[in-house]
Amino acid sequence: MPFWIHHGPNNTLGCSVRPIAQDVYEVCAADGSSIARIDRRAARILPWPRRVQWLARHTGSPQPATGRVGTWYAWLLYVATAPLWLLFALCVTVYSLFDGTADDNTLRSPARTRWRIAGAGTVLDYRGVSKTYRYTSPSLDIRLAYALAVLQTWDRED
């Protein structure tokens with residue numbers, strides 16, 4: 001699923017993103033030169049729980065931008081209240097059968113993601129409740145920020 005990011009009033013090509021392996025993407029400038037490589041490490045439960053992690057290595061920077069999906073305290077609260085959410089989901093499903101509505105009552109896991117670069121702090125912040133991205137630092141190439149946002153949005157929709 002390669003994609004292209006266009007911007008500006010002339011709709012000029014900003015960058016393109018193409019997969020090079022499973023969960024590994026290359027971001028290229030309009031001239032075809034490589035800007036960055038993005039890796040996505042999938043979440044797992046065993047042998048030790050791990051959140052989804054994004055790693056963006058910019059070609060001109062020694063420090064990668066790393067982002068973990070969900071904060072540790074949101075995951076702790078999510079796991080601790082899981083039995084209540086399951087009961088709530090069951091009640092909503094039964095109610096929707098009688099009411100006839102087909103609302104999407106999907107329970108989503110914590111989604112906030114802060115991409116950080118050592119020495120620069122948070123450079124891109126995704127807030128899962130409002131579904132907005134906040135670009136906070138010029139240390140991260142704007143084309144790479146757009147590529148991360150599109151890839152994470154596609155990942156959240158799966």
Can you measure from [atom1] ([X]) to [atom2] ([Y]) and round to the nearest 0.5 angstrom?
X: R116; Y: L124; atom1: CZ; atom2: CG; value: 11.5 Å
X: Q53; Y: T113; atom1: CD; atom2: OG1; value: 11.0 Å
X: W85; Y: L90; atom1: CH2; atom2: CG; value: 14.5 Å
X: C15; Y: I142; atom1: SG; atom2: CD1; value: 10.0 Å
X: L55; Y: I38; atom1: CG; atom2: CD1; value: 9.5 Å
X: T93; Y: L97; atom1: OG1; atom2: CG; value: 7.0 Å

Pairs of donor and acceptor atoms involving the side chains of residues 64-71, under 3.5 Å and at least two apart or interchain, shall be tabulated with distances.
from : atom 1 : to  : atom 2 : distance (Å)
T71  : OG1    : A74 : N      : 3.3

Spell out, yes or no, whether [X] and [Y] are grouped together once hydrophobic residues are joined by side-chain heavy atoms under 4.5 Å, including indirect joins.
X: Y146; Y: W4; value: no
X: W154; Y: Y126; value: yes
X: I5; Y: L13; value: no

Is there a donor-acceptor contact under 3.5 Å from the side chain of [X] to the main chain of [Y]?
X: N10; Y: T12; result: no
X: Y135; Y: A145; result: no
X: R40; Y: Q22; result: no

Would a 4.5 Å heavy-atom cut-off, applied to side chains only, mark [X] and [Y] as touching?
X: W54; Y: L151; answer: yes
X: V17; Y: V150; answer: no
X: R134; Y: T122; answer: no
X: I117; Y: H58; answer: no
X: Q152; Y: Y133; answer: yes

- Counting only heavy atoms not in R50, do more than 12 sit closer than 6.0 Å to its CZ atom?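 Yes.
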
- Check whether more than 12 heavy atoms from other residues, nucleotides or ligands sit under 6.0 Å from atom OH of Y25, and answer yes or no.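 Atom OH in Y25 is packed in, count exceeds 12.
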
- Which heavy-atom pair separates S139 from V123 by the least distance, and what is that distance?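 Here S139 and V123 meet closest at CB-CG1, 4.3 Å.
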
- Check A147 against F3 and note the closest heavy-atom contact, atom names and distance.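 Nearest heavy atoms, A147 then F3: O-CZ, 4.3 Å.
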
- Item | Trace of the side chain to side chain donor-acceptor pair (under 3.5 Å) decision for D31 with S33 | CA-CA 6 Å; D31 63 0; S33 62; 2.8 Å; yes

- Message: What I want to find out is whether D125 reaches R127 closely enough, with some N-O distance under 4.0 Å, to be called a salt bridge.
- Response: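 The answer is yes: the pair qualifies as a salt bridge.
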
